[in-house]
Amino acid sequence: MSTPSGSGQSDENIYDFRALEARWPAVWDSMDSFAPIDDGNRERKYVLDMFPYPSGDLHMGHAEAFAMGDVAARWARQKGQDVLHPIGWDSFGLPAENAAIQRNAHPAEWTYANIDTQARSFKRYGISADWSRRIHTSDPSYYRWTQWLFLRFFDKGLAYRRDSPVNWCPKDQTVLANEQVVNGTCERCGTDVTKKSLNQWYFKITDYADRLLEDMDQLSGSWPERVLAMQRNWIGRSEGAHVTFTIEADSDLPAYDAPVFTTRPDTLYGATFFVVAADAPLALELVKPEHRAALESYREKVKSLSEIERQSTERPKTGVFTGRYALNPLSGEKIPVWAADYVLADYGTGAIMAVPAHDQRDLDFARAFDLTVRTVVDTGAEDPAMSGVATTGEGTLVNSGELSGLSKDEAIAKAIDMVAAHGTGERTVNYRLRDWLISRQRFWGTPIPIIHCTTCGEVAVPDDQLPVTLPENLRGEDLAPKGTSPLAAVAEWVNVPCPTCGAPAQRDTDTMDTFVDSSWYYLRFISPTLDSAPFDTEAVNRWLPVGQYVGGVEHAILHLLYSRFFTKVLFDLGLVNFTEPFAALLNQGQVLNGGKAMSKSLGNGVDLSEQLDRFGVDAVRLTMVFASPPEDDVDWADVSPSGAAKFLARAWRLGADVTSDPGADPDAGAGQLRSVTHRTLADVEVLMQHNKFNVVIARLMELVNATRKAIDGDVGAADPAVREAAEVVAVLLSLFAPYTAEDLWERLGHPASVATVGLPPVEQRLLVQDTVVAIVQVQGKVRDRIDVPVDISAADLEALARASGSVQRILDGRDIRQVIVRAPKLVNIVPC
RNA sequence: GCCCCAGUAGCCCAAUGGCAGAGGCAGCAGACUUAAAAUCUGUUCAGUGUCGGUUCGAGUCCGACCUGGGGUACCA
């Protein structure tokens, strides 16, 4: 080859990613280089990717997420930190069960086969994980401790059972937590969710609402703002008051004190009717006999609505009169009590005071049923009774007895004082967050370790009898959804003596939401084989909170909220000494194709293994990371894995062109290239602090280009600075392209592994330049550039700037009002 | 409706309030080649969504709006 650029003509100088991928995994395995030392000599860093669900082989989304997490882990290692970067599987869940039904098999077969496939793919993908800590949540040795933790929650009253209308997925035949209902449909399968009244297990996450909110202060700045915002909205703190209305006794029916929650106690005088949630027990309790039939048929109608229909905001208001009247605690006014479905049974108290003038929903209802509308806050807008538009803004109270004349805020305070003085109300805080419904009527999950005894009630399975394992003899149709757990049909499993009294009793047949399993796995990684406790508290306190958590934003209010809740409970139990599990969170973007998420129905899926076969692991990884900032989506149609491969080959070829020996003294090398190398190191340090992985790669490309130029130009291949630059390329490249970097490192004459050699220190003296280009502006516009010494004084710089010919021309003799000097880089002259 | 995020070159994206361009893709030209691919070299292309404000100076800060994306939604 006649080009001077070292392009590959000999076989030894042709970049062959297949050869690299065939060679290095065995070397890395034998070195065991990715397990932490944990000897306290180095700063510990826990880097964690959200563990995968074994749904099949890895896909493009995994490839992006794990590339990002691996960059963070490898960076920490190069910085000399003791890195924990484990991997495991979230291996309970419905898809395994559905697959088992289809194939007349046990869910474990499908699950563990997929885990093996994914594990092989992860190894090929070059993830720098500590494989010795591998866990699976469906292993009895894991779920034993999920059960143990459930029992600690149960002991504290944080796990309880109650009857309640719950979200029901008719397809999956199981209940769903609030967080798992997306736009009225099942998060998993998209089926319209309906309501069903069932007795179910809950975790009392509402007890922690305030702490979940307040502790976000610890996360602000290191978690994406939008995730914090989503959690804040989900928790939905709302300040207001409880105000008790008395429902008057009527013939045989007794009087009834009905509290309502309101954020607007100032509008109490405007309450012209009262509404109870139609599906709340209270509605049936207070309805007069002659209205009972109408209410019951209305309740039937409401029940038949899907969540989607119910949530539609355009739906006209419906409801029925109960025949009863409530007394306003401030005015004593008697107002009708209605039952309607626009009031929710499980928010607030399940009943409201309706103030149609100042709440649009109440106004819509009032207009539908011809009820009184009374304006009590004058906002200057048109009277809502006429306009049909409720007014919610600031204003002056009118028609409101003692409150009249006050501002909204004054009236809110005074109204609360007044009802409090009467004993009919108090200031309160209400949350949108509901308790976490954790029981599921399916098989492939952690059994709830409770035994139901007719005399002793709910009895905890004693700790020493854990785990309560799943029966192994169920296959195919045995697992089909029937609305009750398949476990209920296994008599020999269900029927056990009561641990307390010995009488015949039955096991609870529900299993736990898989989000329970994933709420504590990051703790289990610390001591994955411990069999005396879920985790080693001392070691956990050493390693946690997780220093960098990486995963998709789809878990913003599911897994992340639940895990935060778990951590706080464990803190209260004295099992951990921190209250937030994840100190920093990185949400990687999605991988799109043609502007859209990849999906079977669109037919725009890109197969990961095909990309890997074609371009190589390193090129795919580099493409993922280089395409955009980590949190932005990557559109596979917009990127170029072949371009990435080209760059990798360029970098790799440097290995053949460095002719100095390992250990050559860089001080003897060309200063200009050394400056580029050390400037790169210094900048990368700052960029990595801000997760700007894509920019780091751009800087790495520059360094490769500069090294190439030095080799082909005057500096020459034998210059020690060239070796230094190529070695820095290898170390930085190891963050993104482990195979290429490792091979380059070897070609540079070093033994494996480049992953752990560390970064050379930045030589500060190489960063300072003798002269810089100073910008001369007139009124903010650049008019000249002058070479000046870096240490020029402000006065000298100003003098040079004033003397500039082009500046003189622009100023044209005008007087100067002000001169801003930022030596040595800038002078701005402002004329009058 | 409310809340968050983002709008810079044909495309993906850089730019501590101080020269709008670091890097890549695509394009164009050249070198090498019988030719092509690969490789190498060089190079074209925007004034930063709109309007206003703060400032000596705004892509960057503030306000309003537009567009796109995401979240949430009878939550009293």
Side-chain angles (χ1 to χ4, degrees), chain A residues 1-9 14 182-184 224-234 236 238 240 260-264 267 275 310-315 317 340-344 346-355 358-362 364-365 430-434 553-554 556-557 590 595 622-623 626-629 631-635 637-640 642-644 646-647 649-650 653 683 686-687 692 694-702 704-705 708-709 712 773-785 817-820 822 825-831:
Chain A
M1 178 71 83
S2 48
T3 60
S5 50
S7 47
Q9 74 277 45
I14 291 173
V182 179
N183 288 329
E225 190 47 50
R226 66 172 167 159
V227 172
L228 296 176
M230 283 161 73
Q231 293 214 356
R232 227 173 265 126
N233 289 340
W234 191 261
S238 144
V260 300
F261 174 73
T262 177
T263 56
R264 294 293 305 276
T267 62
V275 189
R310 206 193 57 75
Q311 286 180 4
S312 163
T313 37
E314 289 98 75
R315 196 165 62 92
K317 293 280 179 287
D341 67 351
Y342 83 93
V343 172
L344 306 178
D346 56 356
Y347 181 76
T349 63
I352 62 158
M353 64 175 206
V355 184
H358 307 296
D359 183 293
Q360 191 61 45
R361 297 154 299 181
D362 296 344
D364 293 343
F365 192 84
N430 201 46
Y431 296 92
R432 210 188 74 112
L433 183 70
R434 315 291 157 82
V553 71
E554 65 272 17
I557 44 181
Q590 288 187 76
L622 192 78
T623 302
F626 180 55
S628 61
E631 57 275 13
D632 286 8
D633 291 344
V634 175
D635 193 329
D638 290 339
V639 296
S640 171
S642 62
K646 218 159 29 172
F647 165 71
R650 267 167 71 77
R653 268 188 250 109
D683 288 354
V686 176
L687 291 165
K692 295 188 173 183
N694 56 324
V695 187
V696 170
I697 294 174
R699 302 305 307 273
L700 184 53
M701 287 172 169
E702 276 181 86
V704 169
N705 291 343
R708 176 88 269 152
K709 273 208 175 89
D712 294 347
V773 177
I775 305 305
V776 182
Q777 300 177 333
V778 176
Q779 209 151 13
K781 290 204 166 57
V782 179
R783 297 304 184 183
D784 202 2
R785 300 172 172 81
R817 181 151 63 97
Q818 191 184 358
V819 180
I820 288 102
R822 295 278 180 276
K825 294 190 73 175
L826 176 122
V827 178
N828 187 11
I829 298 170
V830 187

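Lettering follows sequence order; numbering is per chain, from 1.
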Checking all strands, does A/Arg434 fall into the base, sugar-phosphate, or nothing category for heavy-atom contacts under 4.0 angstrom?
base

Rounding to a whole Å, what distance do you find between A/Ile557:CD1 and B/rG71:P?
9 Å

Whole Å only: how far is the CG atom of A/Leu687 from the C1' atom of B/rA14?
10 Å

When both hydrogen-bonding distances must be under 3.5 Å and the geometry is Watson-Crick or G-U wobble, what is B/rG18 paired with, if anything?
B/rC56

Rounded to whole angstrom units, what separation is found between the CG atom of A/Asp346 and the P atom of B/rA76?
13 Å

Is A/Arg785 side chain donor-acceptor paired with the B/rC19 base, going by distance under 3.5 Å alone?
yes

Any-strand Watson-Crick or G-U partner of B/rA31, both distances under 3.5 Å
B/rU39

Rounded to the nearest Å, what distance is computed from the CE atom of residue A/Met230 to the C1' atom of nucleotide B/rG70?
8 Å

Can you find a pair of side-chain heavy atoms, one from A/Arg434 and one from A/Asp346, that are under 4.5 Å apart?
yes

Regarding the side chain of A/Asn828, the nearest nucleotide among B/rC56, B/rC19, B/rC13 is B/rC56

Measure from CZ on A/Phe365 to P on B/rA76 and round the result to the nearest Å.
19 Å

Looking at A/Arg822, I'd like to know whether one of its side-chain N or O atoms comes within less than 4.0 Å of OP1 or OP2 on B/rG57.
no

I'd like the C1' distance from B/rC12 over to B/rG17, given in whole Å.
27 Å

Distance check, rounded to the nearest 0.5 Å: A/Arg785 atom CZ versus A/Gln777 atom CD?
10.5 Å

Check: A/Gln590 main-chain N/O paired with A/Asp633 side-chain donor or acceptor under 3.5 Å:
yes

In whole angstrom, what separates A/Asp683's CG from B/rA14's C1'?
12 Å

Please measure how far the P atom in B/rU43 lies from the corresponding atom in B/rG24, and state the result in whole Å.
13 Å

Taking only side-chain N and O atoms of A/Lys692, does any of them lie within less than 4.0 angstrom of OP1 or OP2 on B/rA15?
yes

Would you kindly check if the NZ (Lys) or CZ (Arg) of A/Lys317 is within the cone defined by 45 degrees around the ring axis of A/Tyr342 and under 6.0 Å from the six-membered ring centre?
yes

What string of B, S and - do you get for nucleotides 23-29 of chain B 5' to 3' if you count protein non-hydrogen atoms under 4.0 Å?
BSS----

A/Thr267 and side chain to side chain contact (heavy atoms under 4.5 Å, CB included): which partner among A/Asp362, A/Val355, A/Asp359?
A/Val355

Rounded to the nearest angstrom, tell me the gap between atom CG in A/Leu228 and atom P in B/rC3.
17 Å

Between CD of A/Gln231 and C1' of B/rC3 the distance, given in whole Å, is 15 Å

Look through every strand shown and name the nucleotide pairing with B/rG63 as Watson-Crick or G-U wobble, where both distances are under 3.5 Å.
B/rC51

Check: A/Gln779 main-chain N/O paired with A/Asn828 side-chain donor or acceptor under 3.5 Å
yes

Look at all strands and tell whether A/Pro629 reaches a base, only sugar-phosphate, or nothing, counting heavy atoms closer than 4.0 Å.
sugar-phosphate

Base, sugar-phosphate, or nothing: which does A/Lys781 touch, judged by heavy atoms less than 4.0 Å apart?
nothing

With syn defined as a glycosidic angle within 90° of 0 and anti as the rest, where does B/rG10 land?
anti

If the P atom of B/rU55 is compared with that of B/rC62, how far apart are they to the nearest Å?
16 Å

